[in-house]
Amino acid sequence: MNLVEIRPGIYHDSVSLMRVSQALTGRPGVELAIVAMATALNVELAVDAGFEVPPATSGDLLVAIRAATDADLHDAAADLERQLSARTETRSREEALPRTIRAATRLADPSAVVLVSVPGEHAFTEAMEAVDGGHSVMIFSDNVPVAREVALKDLARERGVLVMGPDCGTAIVGGAGLGFANVVRPGKVGVVAASGTGAQQLTALLDLAGVGVSHVLGVGGRDLGAEVGGRSTLQALDALNADPATELIVVVSKPPDPDVAARLGEAIARSPKPVITALLGEGQPDLTTAAESVLRAVGAAVPVWPSWPGNTEPGGGPLRGLYSGGTLCTEARLIAGTGEFTDFGDDEYTVGRAHPMIDPALRLEALDAVTEGVVLLDVVLGHGSDPDPAGSLSAAIAAAKSRGVAVVVALVGTEGDPQNLQAQAARLFESGAEVYTSNAQAARRAATLAGARPTEPGPAIPLETSTRETGTGELHAADAADAADANAGEHAASDQVEPRPAASGAAGPGGGAETSGEASASQGGWVGRPLAMLSAEPSVISVGASILAEALDQQAVAHTPVDWRPPVQGVAADLAAVMADPRRKAANEKAVARMLGARPHLVGVKRAGDVLDLPKGTFFHAGPPIEWERASGPMRGALIGGMLFEGLAADAEEAERKLAGGEVTLDSCHHHRTVGPMAGVVSPSMWMLEVHDAENGGTAFCSLNEGLGKVLRYGAYGPEVIERLRWMGDVLGPALAEVMKVVGPLDLRNLVAQALQMGDELHNRNRAATSLMVRELAPAIVDAVPNQAAEVLRFVNGNDHFFLNAGMAAAKVSADAARNVEGSSMVVAMARNGTDFGIQVSGLGDRWFTGPAGVPDGLYLGAYGPADANPDIGDSTITETVGLGGFSMAAAPAIVRFVGGDVADAVAATTAMYEITLAEHPVYQIPGLGFRGTPAGIDVTLVTRTSVLPVVNTGIAGRVAGTGQVGAGLVSPPMEAFTAALAALARV
């Protein structure tokens, strides 16, 4: 009985899903369970297992279960739901966790290392954010294009941090093991490793001999290749030279590019500390030989490496190497000189799957398929690896032995590893395998059993010129042996090495000389470039696989986990392109600084036709441009009302006929430094608030607020609406114009800041702001227009939203200050016309990126309900654009019930907005969050990375023209507006 399902858009990390699969497969009656992300490899595995898999994408969850009976299948499906629900509930409880590395840096130590273990297509984006933020990063993820690796490493050098990876399996920083890391003792040997399992083999052997390490800096398997050019290797070498805890350095790598190896040799020649190289290749020393060289260099005895050999007689037959570690696989292939070797940790096997050190499934299948000859396996212990690899392999090894297959295991680990080296070795041996702690010895034994003649180890270190003669600091084999013999009595079992002075400088990745250190004139020595992470207490920001975060917990390492989830489907390439734009960081800093630095002042009240390009017969409206044919009910109602107010039509029917016939010109308010609430219709006879930015020099306008109920902005156009507009044009506007001549510039930023601390959020609640504004204006109203003072004050006093329009103009002028910064991904406008929701982005000029406007979810007035609601409408989202409105709901507990939530919802909404914004406003502060600045500066990359959309609280207009307001609630923009903007940014 089979169950096959594709669940779109559901993500769990590969390790979590592997555990679910294993638990289901272990149930009685279940023959096979595959619960995994629907990558091409996982779908192929399911198809090969006999499941019919429907079309899917890598962002979907694949469920394939085969059971003996319907009852078994039903029980397994129920268990699956319980397990997935438990993981979802765990994630729900962790909603307070940061969603991005950027957000996590607020909670972490400034020197924290960022550990990235997300799927490869997303790793560059996460790593770039880490490097941009001044953090060294270990990229455990693989499948990262080499060009992006180069870009990351170049930026890291500029920022003074180190990129370890991509495909960096192992690092130890200040005693904290990252990724796959053995438990090794502390010491004075520093390791630079373009090889994960190579570093593990070396450090495990050193530990077995009683010698410890200071740091292990993985650099990624491609770092010493021609394209990457040793960028991180040279930087790591430089950092260890500057590290006082390191006295000897070892460089470990798969076979490097010859030219890069030569440049590395030049850098080593300038090193003030002795350096031993273990660069695998034809005629080069193997890793065990390199470890023995290190032991001699530090005056430690070379032990007999632990092994559990068998008495199998060589019988010939094919040799199969089934490896989880790439470097160990390469070393074994070089030593054996024959056979077929597979590195199951290679990129092609890990797309959408856990690494084979965690998930042995693919290796087990391959082992089960071997029917003759010899099999050579590696088993790598340590944090992050399978908690009981011998338990996973023993049955398959015993079965292979029963088929006449000889099995040899290279067991890499230490006595301190959580799996217990001795216990693992005993179980593997009992299952029929020969076990060696030296991969080189295991490879030679396997080749011999297969009837081949293995290669002998190369010389310990190529002997060139004596270190004592040249003073270069490069330690060669003869010198190491001499030093060990001469100091055996004084330094036995010690790892102390005397540093040697040398000239400064090192070869850079481009081939030319690049400064690696500086000669100190005062001390006559060599000064390297230190890395903050090497001298600070270990601290980690972990993003990705849960098992690696669990390993940090096991080591009691301080770490901040990120609740990472995949970005919006299909945007990975665009995100990577935008994140790689060298202009982005500085551009966003410039844009957000302009917006936050704006000082909006109300400077006047003027007739629209006098200050705007607005001839008779032209109307501005809210949101992106729209034609009459696509206009919603409230937009049509407001335009009809505008026609009646301006005397362009005798009745609604004539107005509608002229509008439909194209006799009227329509344009977006935003195209004319203007914003309008709801329908936002502006006509020449209306009076406008004029707001000037005293910092950046811009000007913005907004109409006067009509009050609540049946008003033009909600699409009403009855006689009372037109009468009110005429009174505003004849009395209110001219009166306020006279008042502003007396009051002078009114500091709106100051009023907003005060109102936030009095319970307003400045979109749906403006009561405090209106009161503050009236207090400023009232004396001048009495003095300047004594005959109209009473009716003006009565109107303003009865309209708690009177300040909204001034606040909108203040937000507009602030956001406009951030426009047209090339390379910036910051949003400078969000607006709705009742049909479309559009955004504009600083680095993309005046282009609109739109999607369908949604219907707000909220509370309704009287007998109205959702069926009466129009899709979202208005320019008032300019307040959210600068960090007010929905973004500052935590400041307005009185408003949250009106928009359908409670105080906890308001706090959660505001907190979520910090994840998608670039800054916190230095003036607009929220008392309930410890006077934290409001989240400001929406970033397109953050929205699409997190799938967190801006939250907007808004009024709800009736969908039928003339209805007016029917409620208020919350709404979010359409994601397609942000993905379209991201795509445009990726191409400029």
Side-chain angles (χ1 to χ4, degrees), residues 167 169-170 179-182 193 195-205 208 221 252 254 278 280 286-288 290-291 305-309 319-336 339-346 349-350 354-367 370 374-394 396-397 400 405-414 417 419 421 424-425 427-429 431-447 449-450 454:
D167 202 7
T170 301
F180 298 131
N182 300 100
S195 154
T197 50
Q200 288 187 267
Q201 170 76 107
L202 175 75
T203 56
L205 292 176
L208 290 172
V252 184
K254 299 175 188 176
L280 296 183
D286 56 44
L287 295 170
T288 302
W305 302 114
S307 63
W308 294 258
L319 171 61
R320 285 292 313 276
L322 306 177
Y323 271 80
S324 59
T327 300
L328 297 180
C329 185
T330 299
E331 180 185 49
R333 184 170 54 243
L334 288 168
I335 289 171
E340 179 184 345
F341 286 78
T342 304
D343 170 17
F344 286 96
D346 192 64
Y349 297 105
T350 58
H355 193 278
M357 289 187 200
I358 302 170
D359 179 3
L362 293 180
R363 278 215 299 176
L364 287 173
E365 287 182 16
L367 179 55
V370 179
V374 182
V375 169
L376 176 59
L377 304 167
D378 63 337
V379 172
V380 185
L381 308 182
H383 288 297
S385 295
D386 187 332
D388 183 17
S392 302
L393 289 167
S394 58
I397 291 173
V405 177
V407 180
V408 180
V409 173
L411 178 61
V412 177
T414 71
D417 284 334
Q419 295 90 345
L421 176 70
Q424 291 290 308
R427 186 159 187 184
L428 291 166
F429 181 73
S431 67
E434 297 190 18
V435 182
Y436 297 83
T437 54
S438 161
N439 183 60
Q441 291 179 0
R444 291 189 174 92
R445 174 61 175 162
L449 290 175

From [atom1] ([X]) to [atom2] ([Y]), nearest 0.5 Å:
| X | Y | atom1 | atom2 | answer |
| --- | --- | --- | --- | --- |
| Q201 | N182 | CD | CG | 9.5 Å |
| L328 | L287 | CG | CG | 7.0 Å |
| L202 | Q200 | CG | CD | 11.0 Å |
| D386 | H355 | CG | NE2 | 12.5 Å |
| Y323 | L377 | OH | CG | 8.0 Å |
| S438 | R444 | OG | CZ | 7.5 Å |

### Message
Under the criterion side-chain contact (heavy atoms from CB on, under 4.5 Å), I'd like the reasoning laid out for F180 against I358: C-alpha separation, chi angles, the key distance, then a yes or no.
### Response
CA-CA 10 Å; F180 298 131; I358 302 170; 3.8 Å; yes
### Query
Backbone N or O of S394 within a donor-acceptor pair of the R427 side chain at under 3.5 Å?
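Here the side-chain-to-backbone pair does not exist.
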### Task
Please answer whether the main-chain N or O of G382 pairs with a side-chain N or O of Q419 as donor and acceptor at a distance below 3.5 Å.
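Here the side-chain-to-backbone pair exists.
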### Message
In the structure I gave you, are the side-chain heavy atoms of L381 and T414 within less than 4.5 Å of one another anywhere?
### Response
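L381 vs T414: side chains apart.
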### Message
Between T197 and V412, is there a side-chain heavy-atom distance shorter than 4.5 Å?
### Response
no
Which pair of non-hydrogen atoms, one from [X] and one from [Y], has the smallest distance, and what is that distance?
| X | Y | value |
| --- | --- | --- |
| D378 | G325 | OD2-N, 3.0 Å |
| A290 | A278 | CB-CB, 3.5 Å |
| N439 | A332 | ND2-N, 4.0 Å |
| T288 | E331 | N-OE2, 4.2 Å |
| P309 | F429 | O-CE1, 3.5 Å |
| L208 | P306 | CD1-CD, 4.2 Å |

### Query
R320 and side-chain contact (heavy atoms from CB on, under 4.5 Å): which partner among V374, L376, L367, T342?
T342
### Message
Can you list everything that forms a side-chain hydrogen bond (donor to acceptor under 3.5 Å, both in side chains) with S195? Sequence neighbours excluded, please.
### Response
T327
### Task
Output all residues satisfying side-chain hydrogen bond (donor to acceptor under 3.5 Å, both in side chains) with S431, sequence neighbours left out; order by chain, then residue number.
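Scan of S431 (side-chain hydrogen bond (donor to acceptor under 3.5 Å, both in side chains), adjacent residues dropped) gives none.
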### Task
Could you walk me through whether R363 and L393 pass side-chain contact (heavy atoms from CB on, under 4.5 Å), step by step?
CA-CA 9 Å; R363 278 215 299 176; L393 289 167; 4.3 Å; yes
### D343 with R333: basic N within carboxylate O range, under 4.0 Å
no
### Task
Under the ring-ring contact (aromatic ring centres under 6.0 Å, His included) rule, collect the residues that match up with F344, sequence neighbours excluded.
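Checked F344 against ring-ring contact (aromatic ring centres under 6.0 Å, His included); matches are Y349.
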